[in-house]
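Notes follow once the structure below has been shown.
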Amino acid sequence: MSEPRKYTSIEVQRMIMFHLREVGYTARTSELGRDLRVPSSVIRRAGLYLQSQGRLRAELQQSPRGGKGEYMFILEQLDLFDDQKKTTPTLWQKIKTWLNF
């Protein structure tokens, strides 16, 4: 039996952002954990960090059974810079950067 894969916090944050785009911009902690095969505690920490950075909104939803509840993560505004393809700068763009134009 293989051991579970360990992810860095940045990998989990990227996975959450990508998955939220795929499923309609909202998902609960348990849904993200199940779909991404990552423990809910890791999803919660990464999601709350993304909220502190202003990347998404996290709403605590109380459980009707009186438990702690879980977070609903909502992606409100897409980051245009994340959605654009990375391109390498041309020689002219590098020269302009060096000369501060």
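Because the structure is predicted, anything quoted here is derived from the model rather than measured.
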Can you name the closest pair of heavy atoms from [X] and [Y] and give their distance?
{"X": "Ser30", "Y": "Ser40", "answer": "CA-OG, 4.1 Å"}
{"X": "Leu60", "Y": "Gly69", "answer": "CD1-C, 4.3 Å"}
{"X": "Ile16", "Y": "Gly47", "answer": "CD1-N, 4.0 Å"}
{"X": "Leu48", "Y": "Ala58", "answer": "CD2-CB, 4.0 Å"}
{"X": "Val23", "Y": "Thr26", "answer": "CG2-O, 3.7 Å"}

With rounding to the nearest 0.5 angstrom, report the [atom1] to [atom2] distance, [X] to [Y].
{"X": "His19", "Y": "Asp35", "atom1": "NE2", "atom2": "CG", "value": "3.5 Å"}
{"X": "Glu76", "Y": "Leu20", "atom1": "CD", "atom2": "CG", "value": "11.5 Å"}
{"X": "Ile74", "Y": "Arg28", "atom1": "CD1", "atom2": "CZ", "value": "10.0 Å"}
{"X": "Lys94", "Y": "Leu99", "atom1": "NZ", "atom2": "CG", "value": "14.0 Å"}
{"X": "Tyr7", "Y": "Arg37", "atom1": "OH", "atom2": "CZ", "value": "9.0 Å"}
{"X": "Glu59", "Y": "Gln51", "atom1": "CD", "atom2": "CD", "value": "9.0 Å"}

Does any part of the side chain of [Y], heavy atoms only, come nearer than 4.5 Å to the side chain of [X], both counted from C-beta?
{"X": "Phe73", "Y": "Ile43", "result": "yes"}
{"X": "Val38", "Y": "Leu32", "result": "no"}
{"X": "Leu56", "Y": "Met17", "result": "yes"}

> Judged by atom type as modelled, is there a donor-acceptor pair below 3.5 Å linking the side chain of Thr29 to the main-chain atoms of Tyr71?
Replying inline: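 A pair under 3.5 Å: yes.
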> Should we say atom CD1 of Ile10 is surrounded by more than 12 heavy atoms from elsewhere, each under 6.0 Å from it?
Replying inline: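 12 or below, so no.
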> According to a 4.5 Å side-chain heavy-atom criterion applied to Ile, Leu, Val, Met, Phe, Trp and Tyr, with indirect links allowed, do Met72 and Leu75 form part of one hydrophobic cluster?
Replying inline: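 Different clusters.
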> Are Leu36 and Tyr25 connected in a single hydrophobic cluster, I mean Ile/Leu/Val/Met/Phe/Trp/Tyr linked by side-chain heavy atoms less than 4.5 Å apart?
Replying inline: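 In one cluster: yes.
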